[in-house]
Number of protein chains: 2
Amino acid sequence: MSTFQTTTDHSLENLDLRRANLGLALRSLRDHGPRSRASLAADLGMTRSTVSTLVAELTERGLVTAGQQVQRSVGRPGTAIELDGRWVCGIGAEINVNHVATLAHDLSGDLVDERKLALDARSLDSADVLAHLIDLVRETEAVLAARGAAAFGLTVGVAGLHDSTTGVLTHGPNLGWYDVPVAAVLRAGLTPAYPVVVDNEANLAAAAEATPGDPSRQDILVLYGEIGVGGGIVADGRLLRGSHGYAGEFGHMIVEPRGRRCGCGRQGCWETVSGLRALLERAADPTDPIRNPRLGIDERLAEINRRADLGDARTLEALDGVGEWVGIGAAILCNTLNPAVLVLGGYYAAVGHHMRPAIERELGVGVLAPGAGGTRVELSTLGFRAAVCGGATASLAQVFVDPTRVPRRPALSGESA
Amino acid sequence: MSTFQTTTDHSLENLDLRRANLGLALRSLRDHGPRSRASLAADLGMTRSTVSTLVAELTERGLVTAGQQVQRSVGRPGTAIELDGRWVCGIGAEINVNHVATLAHDLSGDLVDERKLALDARSLDSADVLAHLIDLVRETEAVLAARGAAAFGLTVGVAGLHDSTTGVLTHGPNLGWYDVPVAAVLRAGLTPAYPVVVDNEANLAAAAEATPGDPSRQDILVLYGEIGVGGGIVADGRLLRGSHGYAGEFGHMIVEPRGRRCGCGRQGCWETVSGLRALLERAADPTDPIRNPRLGIDERLAEINRRADLGDARTLEALDGVGEWVGIGAAILCNTLNPAVLVLGGYYAAVGHHMRPAIERELGVGVLAPGAGGTRVELSTLGFRAAVCGGATASLAQVFVDPTRVPRRPALSGESA
DNA sequence: CTTAGTTTGGGCGCCGTCCCAACAAACTCG
DNA sequence: CGAGTTTGTTGGGACGGCGCCCAAACTAAG
C-alpha cells in the first residue's frame, strides 16, 4: 500500500505525482469516511486548494460525489465528499474442479452480481470449461451494463501454479490442466476493455480477508481446509507468494514424522490430521451417512454441526481432536509469521466454532510469544466465495493506486442509481 | 524497496518527486554499475537533461563521482557516473550476552571499521553495557572522521522484543533486560547527528543476507543456529516482522510432538533436535573436550570440522542426523514461504558444509513444490557478524530512498581517499 | 438586526520538476 | 576532412502543488 507502488525502474514525472495524490485522497475517503474538502486537506497535509482540484478530478471520473452538508460548531458548513463506488466494478472469477463462478462488487465493496455453474472440470476439455466461464462473465458484464457501471478488471482464481506475467496456468494438477493459457483464452473470448489477470485461488482467498486500509488486518494468515489444506499469507498488507509462487502450501508440512501416509506419498503431512477426511473418519464409522461422498459437502458439514450442537460425544471428540491438530500446525505458522489474525476458511469456517477452543488452546501452548503473539482466531464469513471475492477486490486495487485509470465520464448530468 | 516508501498519509509535493527520482538514479547506479548520463537516462526512461540535473545534485551531495570515459563504437564518448560511497557510512551495533560490537561500512558496502568487546552482559548493569557500547561507537566514529566520512545512522541489534517507535527493549530474556530504553540511552551518550534505531538481532542478520536490488535475493529465509535456533524472513525484499514483531521464532516450532523437552517448557521444539546442543551431544560423550563449555564456540566447532574432515564416523553421523532435522524444519518453512535462498547462519555457517547433503535431501523430500520449490541452500559468509553487518546496511537504506537526506557538501575541491 | 469571528472553497501568481527540441562538443568511419 | 553518431547542456513549455487572498456562509454576541 505504498503511495507509489512502482518497484520498476521507470522514472517519475509530474503526472505520477498527480496520480499518487489522487490515490491518496481516494484511499483516505475509503478508509476514514466522508469529509469536507477542508478536513480532508488537514488530514492529508495538503492545502485546501489542492484538495479542491483533486476532488474535482475525482468527481469527473465518477469516483466521488458531494454528499450532505457538515457543520462544525461555528463557521461556514462544508459539503462532505464521499466515495461513489457505483460506476466502477471489479469482477472475480474462479475455476474449480466442481464449478466455475463469477462475482462482481463495486468500489465501495457492495455486491453487484454473483454467479455459479456446477460442472466437472476433469471430464471436460479446458476450452469447454473456459467457454462456460466466458458465458458467466458475459452475464455478469450485462448486469453491470444495466446499472451503467463498467468493469475495471477481471481476476481469475485457479488452483495451481501460474505465470503471473503471461496468465498461463502452468501446473494445475487438481484440474488436470498443464500450460493452459487461461488469460489469453478469456481475452480472446471476451475482447474486454479491462485487464484480465490470473492468480492462485488460495492467494485470492487470503487477499479477500485482508481489508485494505485497516491497520489491524494487514498481517493475516488464512487456512483453507477442504480435503487438502492450503492457505495464503498477507504480510504488511501484501500478498506473499514466495520466489516461485509456491508459498502457502501448509497442508504438506510434516507434523508427525512417523504419522499417517499422505496422498502426496509422504508420511505425517499436516492435512492428513487436519483435513476434512480426518474429521469425517474420526467422527463416524464408514457406514455413516456423513461418510457418504455422494452427499454434498455442505450437507455433511451441517449434519456434523447438528450432532455437535446436540452434544454427541464422538462428534465433539473428533472436532476437538482435529482442532488440536489444526492448532498444532497453526502454532508452527504463528511462530514463523506472527499474524494479527488467523482466519479459518473452507470447511473450517463451517464447523470452526466447535474447533476454536482446541485451536486456541494449542496456540496458547505452542506459540512462544506471550498471549499467542496477539494472534486472534476468526472464522471466515466469506465461506467458499472467498476466492471470487478476493478476485473482485484485487481487480479494483489499481483504482486506489492510480485513479486516473478510470476514464473521465463525459456527461455528469444528475446520475442516479 | 518501493520508490516512495510512504505508507503514511502525507501528501506528495514536487520535492518528493525529486527525491524519488534521485533515489531511482542512485539505486540504478548501485545495482547496475557505472554508466554515462545518456545510458542512465535510457535505462530509467528519463530524458538526458533530467538525468544531468539529477547527477549534478547527487554530485553536490557527494554520492556520485565522474569516473572514466566510456566509448561506444561511434559518437562522442561519455563520462561514466559511478557511486561514490566514501563519504557516507552506516554503523551497525550489537548487544549480545557475550559481547558488544560495532561495524561500519560505506555506501558501496566496503568495510570501514569493526570492533568487538567481550563482556558478560548478565553480570553487568544494562547502563554499564550500554556505556561500553557507546565507547565502541565513539571509536568507530573517530575512524570515520579520520576519513572525512560522516555516519548516516546507527542501528542496534538486540536479542529480544523491542518497540520500534521508541527504541525501548521491552523484553530481552537472554540479556535479562526488560523495558530498557536502549535508543534513548545511546542518543544521550552520543548526542549524534544521525538517527539511532533499535531492531531485532535476527531481523538484522536476515536483512544482511538480502542484497538490495538483486532480484534473486529478495525472498530469503535465514536460519540462525546457536544453542537456540531463530531466524528472519525477507519477502519481496522487505523484512517480515509480523504483527507484534514476533515473526521468525522458528526454534520453537514443534516438530516431534512427543519429543525431547525444551528449555521453554514444551516438548519436541525444533531447536532441541537442530540446535548446537543436539549436535554436540550426538557427536561426543560428556567427557569429550568439545562438550566442555569453557572452550570457545569457535574452537569447538573447528574441532568438529577437523574430525569430520578426517572421516570420524560418529561426528559424521551426528552432522548428518542433525542436518536431517534441520532439513525437516526447513522443509516446513519452505512449504510456507518458498524462499529463493535458504541461508544457514550462526553455527550452521561453520559446519554447514557437512550438513548440507542431509538438508538438501530433506528439502527434496519434504517440500511439495518440484525441485524443492527452487530454493537453494547457502552458507552465510557473514558468520557471527551478520547482525552488525545488517545493522550497517539498514542504517544506509534511507539514503537510497531519499538522497536529499545527505547534506550538500560545501567544498567540492578535489577530494581524495 | 447588526457586527465580529470562524470556517469553507475557489482563484491567481510563484516556484519547482520534468519533457521536448535545438545545439555544441567529441569521437568514428569512409 | 566531412558525414554521421552519440553525449551533455541550454532554453522554452506544460503541469502540479503551495501560499495568499477573497467571497460565501454560518455562529455568537451585543
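None of the values given here were measured: they were computed from a predicted structure. Note: hydrogens, waters and symmetry copies are ignored here, and every other heavy atom, side chains too, is used. Order of the sequence lines fixes the chain letters, A, B, ..., with proteins taken first and strands second; residue numbering starts at 1 for each chain.
Distances shown here put a side-chain N or O of A:Thr47 below 4.0 Å from the OP1 or OP2 atom of D:dC18.
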Hey, what are the protein-to-nucleotides 10-15 of chain D N/O distances that come in under 3.5 Å?
residue	atom	partner	partner atom	Å
D:dC15	O2	A:Asn14	ND2	3.0

Check nucleotides 28-30 of chain C for protein N or O atoms closer than 3.5 Å to its own N or O atoms and list the pairs.
residue	atom	partner	partner atom	Å
C:dT28	OP1	B:Gln71	NE2	3.2
C:dT28	O3'	B:Ser73	O	3.3

Can you give the donor-acceptor pairs under 3.5 Å from side chains of residues 208-215 of chain A to other protein atoms, not counting sequence neighbours?
residue	atom	partner	partner atom	Å
A:Glu209	OE2	A:Ser380	OG	2.7
A:Asp214	OD1	A:Ser216	N	2.9
A:Asp214	OD1	A:Ser216	OG	3.0

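By the 4.0 Å N-to-carboxylate-O rule, A:Arg238 lies too far from A:Asp236 to be salt-bridged with it. Under a 4.0 Å N-O distance rule, the pair B:Arg241/B:Asp199 qualifies as a salt bridge.
Of the residues in residues 33-40 of chain B, those placing a heavy atom less than 4.0 Å from an atom of DNA chain D are B:Ser36, B:Arg37, B:Ala38, in numerical order.
Distance B:Leu22 CG to C:dC18 C1': 13 Å, rounded to the nearest Å. When rounded to the nearest whole Å, the span between CD of A:Glu57 and C1' of D:dG17 equals 14 Å. The separation between A:Asp16 atom CG and D:dG17 atom P is 12 Å, rounded to whole Å.
Side-chain contact between A:Val88 and A:Asp106 is absent, with no heavy-atom pair separated by less than 4.5 Å.
On a pure distance criterion of 3.5 Å, no polar donor-acceptor pair joins the side chain of A:Arg76 and the base of C:dT7.
Comparing the start and finish of the helix from C:dC1-D:dG30 to C:dG30-D:dC1, five pairs each, the helix axis swings through 0°, to the nearest 10 degrees.
Partners of A:Glu57 under the salt bridge (charged side-chain N to carboxylate O under 4.0 Å, His left out) rule, at least two apart in sequence or in another chain, are A:Arg18, A:Arg61, A:Arg408.
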